[in-house]
Amino acid sequence: DVKVTQSSRYLVKRTGEKVFLECVQDMDHENMFWYRQDPGLGLRLIYFSYDVKMKEKGDIPEGYSVSREKKERFSLILESASTNQTSMYLCASSSGRKSSGNTIYFGEGSWLTVV
Amino acid sequence: GQSLEQPSEVTAVEGAIVQINCTYQTSGFYGLSWYQQHDGGAPTFLSYNALDGLEETGRFSSFLSRSDSYGYLLLQELQMKDSASYFCAVRDRRSGGYQKVTFGIGTKLQVIP
């Protein structure tokens, strides 16, 4: 089974703190994604990466950065957390191959509260 | 950019059939996917359509019309466990050859006895 593991399930951080959300996948997938999910807004893409050290902005990249130093690991960084970044964050991965890249596998999510 | 529209809520009776529609706007369209998410859980893949027509997987079917930029998810013989949120997602191809996947807001399906 494909496994996407997010390091923290629940976090509480203070405004202005630097926050790291870590994600690891074990399927040698080329593509990795970070989404945030908010009620009534669905899943919104923050950043994605299609290769090591490569990253592309999604729809809402402001206030976030990412790092992909190794193929299996994709980190989301909140440089200075703010209360409007309180949300659930979902990491995901998919194969880069055309024949099998249709399925996105999600982690269980990280619930971040910024106080 | 991309945009997707789907109803926010649908209610259906156990044993019945329900259809969840999705319309989209995008360039470089590659395919339309559907995902299911139970409360507190992660989204899980249900189906994918790259070509026009109907794809069937057990009680679930998904349809795509690329000319109409429209698709739907059909759930038959509804069961209580089908109560969940259902997301359509557009996969499109970017100039660099990589793919971006954009999700709709999700349709919350409530199955009632």
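Each chain gets a letter, A, B and so on, in the order its sequence line appears, and its residues count up from 1. Side chains included, hydrogens not; waters and symmetry mates left out as well; all remaining heavy atoms used.
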Task: pair T102(B)-L45(A): side-chain heavy atoms closer than 4.5 Å - done: no
TODO: Find out if a path of hydrophobic residues (ILVMFWY) with successive side-chain heavy-atom gaps under 4.5 Å connects W111(A) to L76(A).
DONE: no
Open item on the list: Do I60(A) and L21(A) land in one hydrophobic cluster if side-chain heavy atoms of ILVMFWY residues count as linked below 4.5 Å?
Closed with: yes
TODO: Considering only heavy atoms, give the residues of residues 104-113 of chain B separated from chain A by less than 4.5 Å, sorted numerically, with 'none' for an empty result.
DONE: G104(B), I105(B)
Open item on the list: Checking the side chain of Y35(A) only, and the main-chain atoms of F103(B) only, is there a donor and an acceptor separated by less than 3.5 Å?
Closed with: no
- [ ] Sort S33(B) into side chain, backbone, both or neither according to what part of it lies under 4.5 angstrom from a heavy atom of chain A.
- [x] side chain
TODO: Answer yes or no: does atom CD of E5(B) have more than 12 heavy-atom neighbours from other residues, nucleotides or ligands under 6.0 Å?
DONE: no
Open item on the list: With heavy-atom distances below 4.5 Å as the criterion, would you say the side chains of I104(A) and Y35(B) are in contact?
Closed with: yes
Task: Taking every non-hydrogen atom, the tightest pair across G107(A) and A42(B) - done: O-CB, 3.1 Å
Open item on the list: I'd like to know whether the aromatic ring centres of F87(B) and F106(A) sit less than 6.0 Å apart in this structure.
Closed with: no
TODO: Could you please state which residues from residues 45-79 of chain B sit under 4.5 angstrom from chain A, measuring non-hydrogen atom to non-hydrogen atom, sorted by number, or 'none'?
DONE: F45(B), Y48(B)
Open item on the list: Are I46(A) and M32(A) connected into the same hydrophobic cluster when the rule is that any two of I, L, V, M, F, W, Y join if their side-chain heavy atoms are below 4.5 Å apart?
Closed with: yes
- [ ] Against chain B, label M88(A) side chain, backbone, both or neither, depending on which of its atoms sit under 4.5 Å from a heavy atom there.
- [x] side chain
TODO: Say whether M80(B) and V18(B) are linked into one hydrophobic cluster, either directly or through other cluster members, by side-chain heavy-atom distances under 4.5 angstrom.
DONE: yes
Open item on the list: With a 6.0 Å cut-off (strictly less than), is the heavy-atom count around CG of N84(A), excluding the residue itself, greater than 12?
Closed with: yes
Open item on the list: So, taking the atom named CD in Q37(B) and the one named CG in L90(A), what distance separates them when rounded to the nearest 0.5 Å?
Closed with: 6.5 Å
Open item on the list: Surrounding CZ of R14(A) (heavy atoms of other residues, nucleotides or ligands, distance under 6.0 Å), is the total greater than 12?
Closed with: no
Open item on the list: Do Y89(A) and V12(A) land in one hydrophobic cluster if side-chain heavy atoms of ILVMFWY residues count as linked below 4.5 Å?
Closed with: no
Task: Proximity breakdown for L43(A) and chain B, heavy-atom pairs closer than 4.5 Å - done: both
TODO: Please determine, among R44(A), E108(A), Q37(A), the option with the most heavy-atom pairs under 4.5 Å with chain B.
DONE: Q37(A)
